[in-house]
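Values below: all heavy atoms of this structure, side chains included; hydrogens, waters and symmetry mates excluded.
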Amino acid sequence: MISLKERLTELLVHNKLITQEQLGYALKVQSEKGGRLSDIIIGLNFIKESDLISTLSEGLGFPLIDLRRFKIDYEVVKLIPSDIARHYQIIPVSKMGDTITLAMADPLNIFAIDHVESLTGYKINPIISSSQDIMQTIDVSYPDVTRTVIDDLVKEMATTSIEVIKEEKEVSLSDQELDRVARDAPVIKVTNFILEDAVKKKASDVLVEPLNKSLRIRFRIDGLLHEQKAPAKSMHASIVSRIKVISELNITEHRLPQDGRFKVKLSGKEIDFRVSVLPSSLGEKVAIRILDKSQATLDIEKLGFSADAVDKFKKIAKLPHGMMLICGPTGSGKTTTLYSILKYVDNPEKNIVTVEDPVEYQLEGINQVTVKQDIGLTFAGALRSILRQDPNIIMIGEIRDFETVDIAIKSALTGHLVLSTLHTTTASGAVARLINMGVEPYLINSSLVSVVAQRLVRKICASCKEEYTLKKELIESLRLSPDKIKNPQFFRGKGCAQCFNTGYSGRLAIAEVLLFSNKIRELILSRAQEHLIKKQARLEGLKTLREEGLEQALKGATTLEEVLRVTMADEESG
């Protein structure tokens, strides 16, 4: 079965709407940053969205609908939860008998159609519309998601148990009005409610974003953003000011970015919040990272890795010297894995020092240094001082430049075990990245002992887990080996109150672990391309991220869709 991506490229090039060179560049951007190819092509101004949709409609044979001129029946909309509609970029427009007509940005998305069919019990008649029109229609058609009545927030609050621990700074008279607004009872209640709700829903981040005519609140839960009920746009400035006050930031500065942090006591436990305020054309956007130590799992055996991967981690962690790199995009759990390895090897006989930007969790018994660029304390500068502290193990939060990697490699060669992270998508890609940074291949071979690429996949909610049989044509379209999937029984979550109707609860890690054999070292020495290193590693038993994920899906820990979501770009690039 042909994918939208394949059909899209065929239609656009055949109809001479874009050139082969433009297509190649768009595919390169997709492999580096992810996202839908159609969105990337539009974003690069290679083609107008209206032209793209018309071409797809004609080429794919799906009817085209202009949602701006179509009146949506709210009773039909209620058949599909808002988070499902947003996730797949779909909106039901009508119902006739046992069939729902579904406007879709990607009408070839088998997972979306299959999910909606199983969720509603109706047959699906897909039609095509622009993703922008669909998302705008969703905003209008799901009033419960964007209610802006402040009283609704306050009514839902129980007596809050949130207590700010940091003392608030005194403000000058020129700041008096903003300070007064930030301390008004309604503003405090609403801000506390947002923070408390985020913690209860186990969110990792909170985004407070001003839109043109409204305020948007989003929580990142299990790696994906979910929109929440928001107060009126008129509350935006006072909420931002309140967050600035408790973060000890300048409440009168609206032109420059600011970073801060605060700590609260909630239900008897202390929770750290990291705050970033960014000026935008519509007002200040606030991003809050929640560091809930009670939710953090810093046990290498409880992160979800396969038993084989854990065994390799433990063997590498016990080496006297060498360098181990953890790779993956932002939010893939690299730092948590490093912390877990440090906790595994930590004992009174080891001198462990870390240099991070910033320190996320304080680890008892481990010396942690925070990078401070504004005063010249860089990763490289901190490392030079750390080497004079007689360390056994050094953890570097991230390798960003040649100076840092140069010191890290020299440290690994002089008797230290060095752990760090690198922003590449695959394990074999880390080697190419180091060479591009200027590291000689012989130094890579002498210092690097392992590279781990990892991702986080969402776990199926145990409360609404159900079994289903994967369709034969889907197995064929995904090029899944029939030998590995003799009994195509998979699991998914139906969606319930426990998981906020997402079907998922929590996350687990999958990883590909690259070890350096003599043949792989020969390839590195000859500056072989990434795919040749990966090919040799697979011959020697390397399990890719896709293969590790499929094993978890077959065990019923996660869904096939989730595995494909986090590994699709890596498989295509590999």
Give a yes or no on whether a salt bridge exists between K244 and E284, defined as a side-chain N under 4.0 angstrom from a carboxylate O.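 Here K244 pairs with E284 in a salt bridge, since their nearest N and O are under 4.0 Å apart.
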Under-4.0 Å salt bridge between R384 and E403: yes
[Y] backbone acceptor or donor facing [X] side chain under 3.5 Å:
X    : Y    : answer
Q552 : A557 : no
K334 : S420 : no
Q368 : L363 : yes
T421 : I326 : no
S276 : D259 : no
S238 : M235 : yes

Minimum-distance pair of heavy atoms, taken over all atoms of [X] and [Y]:
X    : Y    : value
C464 : G503 : SG-CA, 4.2 Å
I386 : V355 : CD1-CB, 3.9 Å
S332 : L456 : O-CG, 3.4 Å
P279 : R255 : CG-O, 3.3 Å
L377 : V369 : CD2-CG1, 4.3 Å
S340 : D299 : OG-N, 3.7 Å

For the residue pair [X] and [Y], establish whether any side-chain heavy-atom pair is separated by less than 4.5 Å.
X    : Y    : value
L422 : M437 : yes
M395 : I352 : no
S118 : R492 : yes
I65  : T101 : no
H423 : T330 : yes
D197 : K229 : no
S463 : C499 : no
V116 : Y122 : no

Please step through side chain to side chain contact (heavy atoms under 4.5 Å, CB included) for the pair L79 and K95, ending with a clear verdict. CA-CA 10 Å; L79 293 170; K95 178 173 69 73; 3.9 Å; yes
How many angstroms lie between [atom1] in [X] and [atom2] in [Y], if you round to the nearest 0.5 Å?
X    : Y    : atom1 : atom2 : result
L195 : I271 : CG    : CD1   : 9.5 Å
I84  : N501 : CD1   : CG    : 8.0 Å
I100 : I90  : CD1   : CD1   : 9.0 Å
L119 : D114 : CG    : CG    : 11.0 Å
L342 : I300 : CG    : CD1   : 10.0 Å
N367 : I394 : CG    : CD1   : 11.5 Å

Show your reasoning for whether side chain to side chain contact (heavy atoms under 4.5 Å, CB included) applies to V286 and I239. CA-CA 10 Å; V286 180; I239 290 174; over 6 Å; no
Set of side chain to side chain donor-acceptor pair (under 3.5 Å) partners for T354, sequence neighbours left out: E356
With sequence neighbours left out, what residues match T559 under side chain to side chain donor-acceptor pair (under 3.5 Å)?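 Expected list: Y504.
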Could you walk me through whether L564 and L560 pass side chain to side chain contact (heavy atoms under 4.5 Å, CB included), step by step? CA-CA 6 Å; L564 296 179; L560 178 60; 4.3 Å; yes
Yes or no on side chain to side chain contact (heavy atoms under 4.5 Å, CB included) for L298 and T336, after CA distance, side-chain angles and deciding distance? CA-CA 7 Å; L298 299 181; T336 300; 4.0 Å; yes
Step through the shown structure and confirm whether more than 12 heavy atoms of other residues, nucleotides or ligands are within 6.0 Å of [atom1] on [X].
X    : atom1 : answer
K343 : NZ    : no
K372 : NZ    : no
Q136 : CD    : yes
F46  : CZ    : yes

Only one of L508, V563, I510 passes side chain to side chain contact (heavy atoms under 4.5 Å, CB included) with R455, and that residue is I510
Once you measure the plane-to-plane angle for F273 and F262, does it fall in the parallel (<30°), tilted (30-60°) or perpendicular (>60°) bin?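 F273 vs F262 ring planes: parallel.
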Exactly one of Q228, H226, E196 clears side chain to side chain donor-acceptor pair (under 3.5 Å) with K201, and that residue is Q228
Is there a donor-acceptor contact under 3.5 Å linking the side chains of T337 and Q454?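 Side chains of T337 and Q454: pair found under 3.5 Å.
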